[in-house]
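Since the structure comes first, as structure tokens, the remarks are kept for the end.
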Amino acid sequence: MPSKHDSIQRDQLEMITLDQLVPPNYLVRKMEAAIKFKEDDQLNMARSKNGLT
């Protein structure tokens, strides 16, 4: 028979993000950083070319 304590545990909710699940030195994080750097670099070049910097 379920106890009152069991029902309390079922009603709890834990929120986590993908950043919490992926270790900081994981390959996907390194790839993401490289892609972000490339996108930022391209954006800065486009801004410079158009005189927006």
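For the single chain, residues carry numbers from 1 onward in sequence order. These figures come from a predicted structure and were not determined experimentally.
Among pairs with a residue in residues 18-34, those fulfilling salt bridge (Lys or Arg N to Asp or Glu O under 4.0 Å) read D19-R29, at least two apart in sequence or across chains.
The minimum heavy-atom distance linking I16 with Q20 is given by the pair CA-OE1, 2.9 Å.
Annotation: L18, atom CG; neighbour count of heavy atoms from other residues, nucleotides and ligands within 6.0 Å does not exceed 12.
Every residue two or more places apart in sequence or in another chain that forms a salt bridge (charged side-chain N to carboxylate O under 4.0 Å, His left out) with D40 is listed here: K36.
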